[in-house]
There are 2 protein chains.
Amino acid sequence: MGSTPTRERILDAALDLFGARGVDAVSLDDIASVVGVRKQSLLYWFASKAELVNAVLDRAAFELVAVMDAAIRASGPDPLDRIDSIVCAVFRPVVRRPTLLGLIREVGRLDPHHVRHLAERLAPHITDARSYLEQQMACGSLRMGDPGLIAAMVYATVTGIGTDRQLLDTVGWVPDAAGLRQLRDQLRAFLRAALAP
Amino acid sequence: MGSTPTRERILDAALDLFGARGVDAVSLDDIASVVGVRKQSLLYWFASKAELVNAVLDRAAFELVAVMDAAIRASGPDPLDRIDSIVCAVFRPVVRRPTLLGLIREVGRLDPHHVRHLAERLAPHITDARSYLEQQMACGSLRMGDPGLIAAMVYATVTGIGTDRQLLDTVGWVPDAAGLRQLRDQLRAFLRAALAP
DNA sequence: GCAGGCGCCTACCAACCGGTAGATACGTGC
DNA sequence: GCACGTATCTACCGGTTGGTAGGCGCCTGC
């Protein structure tokens, strides 16, 4: 069928399904039928469902971190502008693929083993972000506060907006081009106001 | 066993389990074993799992709305103070029972039928909140912006912080008494800054 | 030209899922 | 005492789950 290797197509399909419906609600058969193979072919590439979950989680986190790193390197020195450009950079893949964040948000439900695995993967980036915020607060470029909790709240806001499409529906938002632009700009303004000194 | 009627104990246990692990990942046997009865006794009180889900969702939404309504009635006229007191009021039950918000957040994953049911239940409160925000923006008491999206972002922030305990762990937060106070105050400051004109 | 590995398959299995059928224990009114 | 409604139980069913055992075709190296 597709020229992309089976293993990659499995990871793609699993990311979408896990993110949309939750890991436990998705069976190996579901994933296999999307990919176009039999369940046993999944178990050929991944020894168990748990291993597949880990691989999907790993890739999702890697993609997100890569996008954010690129945005950081491309942005100027001002922390508000930097956060702004991170949000814009993350916004595109998240909107195009709402399941990406949905999966990561589901981590809390999974085995502690998966959680630990992902936490180790992201730990250095988190400490980096925290010390960066701390430093910018100290020199007056950001509102004072606990850098860890501030980061968590920004993350919670972006993740919630990016994943809870149902939430946006209930407040009358429509996902056309204009709506997307409006959502992105409102999100930027919200975070800018929340973080400004 | 307990003096509380079986039906209530079922709803309690189901709320905790659904919120913690997700609806699909929790079996009727899981709930029954927590309650201390057999699965068939659940099906005596609720005709099906779907009906149980609906009842749990209904009660969770009702509890939250009641808490928020009480906070609104007890607060002064200034919108920032009002939102402040809502956050404080919601904070207590959410922290004591993180599964409460977790369940509501899971709605997006459930059947459209459940979603519609809950949306109808909450619709009047949402429109109320939106028109209130609109009015306060018009008279300069709140930062200008799309009231629906602003409300959604506040909700996303609070919900994310209230449910993703894993997220708070990774930024080094500890859930003792001092940590709770700190978290609540940081959240209040964050939202106040984000909404102030 | 054939041995061997690779990718995927069919055919199963034990465990578990939500749900049904029917029996049992326990009041309560008549 | 006995019929009736309530609340719970045991026993079971069809379907689905994650996972195993083993075979089939195809390419490649020798």
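Keep in mind that this is a model prediction, so the values were computed, not measured. Note: hydrogens, waters and symmetry copies are ignored here, and every other heavy atom, side chains too, is used.
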Just to confirm, is there a sub-4.0 Å distance from OP1 or OP2 of dT17(D) to any side-chain nitrogen or oxygen of S27(A)?
yes
Side-chain N or O of S48(B) closer than 4.0 Å to phosphate OP1/OP2 of dG18(C):
no
Describe the nucleic acid contact of L43(A) in one word from base, sugar-phosphate, nothing, applying a heavy-atom distance below 4.0 Å.
base
Taking only side-chain N and O atoms of W45(B), does any of them lie within less than 4.0 angstrom of OP1 or OP2 on dT8(D)?
yes
Establish, with yes or no, whether the OP1 or OP2 oxygen of dC8(C) is under 4.0 angstrom from a side-chain nitrogen or oxygen of T6(A).
yes
Minimum heavy-atom distance A61(A)-L122(A), with the two atoms named:
CB-CD2, 4.1 Å
Of all of residues 10-23 of chain B, which get a heavy atom below 4.0 angstrom from DNA chain D, listed by number?
none
Below 3.5 Å is the cut-off: list the nitrogen or oxygen pairs between protein and nucleotides 9-11 of chain D, distance only.
from	atom 1	to	atom 2	distance (Å)
dC9(D)	OP2	R38(B)	N	2.7
dC9(D)	OP2	S41(B)	OG	2.6
dT10(D)	OP2	R38(B)	NE	3.3
dA11(D)	N6	Q40(B)	NE2	2.8

Any salt bridge linking D185(B) with R188(B)? Criterion: basic side-chain nitrogen under 4.0 Å from a carboxylate oxygen.
yes
Does Y44(B) make a side-chain N or O approach to OP1 or OP2 of dT8(D) shorter than 4.0 Å?
no
Dot-bracket notation for DNA chain D, counting Watson-Crick and G-U pairs under 3.5 Å, with | for partners on another strand:
||||||||||||||||||||||||||||||
D29(B) has a side chain; which of dG19(D), dC17(C), dT17(D) sits nearest to it?
dC17(C)
